[in-house]
Amino acid sequence: MGSCGTAAHRVIVSDIAADPFWEDFRDLAERAGLAACWSTPILGRDGQLLGTFAMYHRVPRVPVEADLARAGVFAGTAALAIERHHAEQARPGRRGRREGSP
């Protein structure tokens with residue numbers, strides 16, 4: 001499943017080679033040179049899960065507070081962009097709308 005698939009809450013995988021979340025993807029991660037992954041949920045203003053934001057590292061690593069703060073800022077910025085996109089898509093008569101498209 002990896003880290004993002006379980007990130008309804010923050011998921012810290014400091015060593016992919018030893019983590020059970022990564023059992024099915026361990027070989028792929030190794031070939032890509034990935035050794036750690038920290039996933040943070042992207043939450044809308046209403047608390048709805050919009051996606052996940054992940055930070056990957058080439059060496060096993062535990063995040064420090066500044067790393068977690070940056071991930072929070074990045075996830076918050078992504079949430080704003082996603083919600084704005086959803087609002088624009090829902091707006092009646094929006095420009096560039098193709099027939100049959102959502």
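Keep in mind it's a predicted model, so treat the numbers as computed, not measured.
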Co-membership, hydrophobic cluster, residues F74 and I82, 4.5 Å side-chain: yes
Salt bridge (Lys or Arg N to Asp or Glu O under 4.0 Å) partners of R58, counting only residues at least two apart: none
Over all atoms of both residues, closest heavy-atom pair of V62 and S14: CG2-CB, 3.7 Å
For the student: nearest non-hydrogen atoms of W22 and C37, plus distance: CZ2-CB, 3.9 Å
Where I16 and A36 come nearest, the two heavy atoms and their spacing: CD1-N, 3.6 Å
Distance in Å, F53 CZ paired with M55 CE, rounded so as to fall on 0.5 Å steps: 5.5 Å
Worked check of side chain to side chain contact (heavy atoms under 4.5 Å, CB included) between I12 and L68: CA-CA 10 Å; I12 305 297; L68 300 176; 4.0 Å; yes
Qualifying side-chain hydrogen bond (donor to acceptor under 3.5 Å, both in side chains) pairs with a residue from residues 67-81, counting only residues at least two apart or across chains: R61-D67, D67-R70
Test log, rule side chain to side chain contact (heavy atoms under 4.5 Å, CB included), inputs V11 and W38: CA-CA 6 Å; V11 176; W38 314 329; over 6 Å; no
L43 versus A79, closest heavy-atom pair with distance: O-CB, 3.3 Å
R31 side-chain N/O to R26 backbone N/O, donor-acceptor pair under 3.5 Å: no
Salt-bridge criterion met for E88 and R84 (N-O under 4.0 Å): yes
Residues that E83 engages under salt bridge (Lys or Arg N to Asp or Glu O under 4.0 Å), provided they are two or more places apart: R45
